[in-house]
Student: 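A single structure is presented below for examination.
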Amino acid sequence: MNNRLRVLRAERKWSQQDLADRLEVSRQSVNAIETGKYDPSLPLAFKLARLFSTSIEAIFVEGS
Amino acid sequence: MSVCASTTPASRRYLLRFGSTMASYIVLFALAENAFRHHHPTGVGAIALALGPALAIVASIGVVGLYLTEEQDEFQQMLFVRSILWGIGLTLAFTTTRGFLELFTPIDRFPLYAVYPVFWMIVGLTQGAHSWYYRSRNE
């Protein structure tokens with residue numbers, strides 16, 4: 001699944017660690033999601049959407 | 001490594017607890033070894049001494065279960081479960097293969113107490129592989 005996490009994070013000038021702290025997960029987790037190696041669960045996806053004040057569909061795009 | 005490299009509160013508690021059980025294991029194993037070598041205990045005392053190190057091992061399995069219930073980082077939790085599954089699968093494959101070799105060939109018996117360290121060795125290798133695959137750069 002593709003995602004716009006890196007772009008959204010860059011817009012806010014957040015490092016991976018900054019985002020990880022806000023999500024209460026490890027930096028490795030943020031990296032795995034950003035690089036598409038791991039698709040988050042629905043609760044984490046909702047948390048991301050809330051954090052960026054957008055919808056899940058605006059962050060995650062179907063496709064490899 | 002999924003657990004070792006991460007710094008979630010649950011992983012820190014896990015490392016502390018797991019370290020404690022392993023330290024207990026070493027102490028109980030040394031006690032049993034010393035007692036059987038020098039005092040030759042028999043009966044209930046011998047059984048209790050022999051079971052001591054095993055209890056520490058059972059406790060360490062409980063620590064693993066506790067970590068999996070406490071870990072809030074779903075990605076770290078998934079990596080750990082995957083490592084454990086690799087450990088279980090490859091340990092079963094190794095012990096079964098070894099068992100057939102022992103049954104049909106004059107190979108020495110593999111000590112059963114060494115199965116658990118073999119399991120953790122495989123888990124450790126898998127965690128290393130995960131760490132490499134999911135390596136993250138500081139961005």
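Chain A is the first sequence line, chain B the second, and so forth, proteins listed ahead of strands; every chain is numbered from 1. Note that these values count all heavy atoms, side chains included, but never hydrogens, waters or copies made by symmetry. Note that this is a predicted model, so its numbers are computed, not measured.
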Student: Can you tell which part of A:Pro43 gets under 4.5 Å to a heavy atom of chain B, answering side chain, backbone, both or neither?
Tutor: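 Looking at A:Pro43, nothing touches chain B.
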Student: Which region of B:Glu74, side chain (C-beta onward) or backbone (N, CA, C, O), has a non-hydrogen atom less than 4.5 Å from a non-hydrogen atom of chain A, or is it both or neither?
Tutor: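 Its backbone and side chain both get close to chain A.
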Student: Show me, pair by pair, the donor-acceptor contacts under 3.5 angstrom made by side chains of residues 30-42 of chain B, not counting sequence neighbours?
Tutor:
residue	atom	partner	partner atom	Å
B:Glu33	OE2	B:Arg37	NH2	2.9
B:His40	ND1	B:Phe36	O	3.3

Student: Compare every heavy atom of A:Ser26 with every heavy atom of B:Gln76, then report the nearest pair and how far apart it is.
Tutor: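 Closest approach of B:Gln76 to A:Ser26, heavy atoms only: NE2-OG, 2.7 Å.
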Student: Quick one, B:Gln72 with A:Glu24, criterion side chain to side chain contact (heavy atoms under 4.5 Å, CB included). Give me CA distance, side-chain angles, the key distance, then yes/no.
Tutor: CA-CA 8 Å; B:Gln72 298 297 305; A:Glu24 296 175 308; over 6 Å; no
Student: Ignoring hydrogens, what is the shortest heavy-atom contact between A:Lys37 and B:Tyr134? Give both atom names and the distance.
Tutor: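 Heavy atoms of A:Lys37 and B:Tyr134 come nearest at CB-CE2, 3.6 Å.
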Student: Would you indicate whether B:Trp120, at its atom CH2, is surrounded by more than 12 heavy atoms from other residues, nucleotides or ligands within a distance under 6.0 Å?
Tutor: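 Result for CH2/B:Trp120: enclosed.
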Student: Do A:Ile56 and A:Leu8 sit in the same hydrophobic cluster, where Ile, Leu, Val, Met, Phe, Trp and Tyr count as joined when their side-chain heavy atoms come under 4.5 Å apart?
Tutor: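 Looking at the clustering, A:Leu8 is in the same group as A:Ile56.
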Student: Is B:Asp73 close to A:Gln28 at the side-chain level, that is, under 4.5 Å between some pair of heavy atoms?
Tutor: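 With C-beta onward as the side chain, the pair stays apart.
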Student: Cluster partners of B:Phe104, using ILVMFWY side-chain heavy atoms under 4.5 angstrom, listed by chain and number?
Tutor: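 Cluster partners of B:Phe104: B:Phe100, B:Leu103.
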Student: Linking I/L/V/M/F/W/Y whenever any side-chain heavy atoms sit under 4.5 Å apart, do B:Ile61 and B:Ile26 land together?
Tutor: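 Hydrophobic grouping puts B:Ile61 with B:Ile26.
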Student: Mind checking whether B:Leu112 and B:Val58 sit in one hydrophobic cluster, side chains of I, L, V, M, F, W, Y counted as touching below 4.5 Å?
Tutor: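 No, no single cluster joins them.
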Student: Atom CG in A:Asn31, atom CZ in B:Phe75: separation rounded to 0.5 Å?
Tutor: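 Between A:Asn31 CG and B:Phe75 CZ, I get 8.0 Å after rounding to 0.5 Å.
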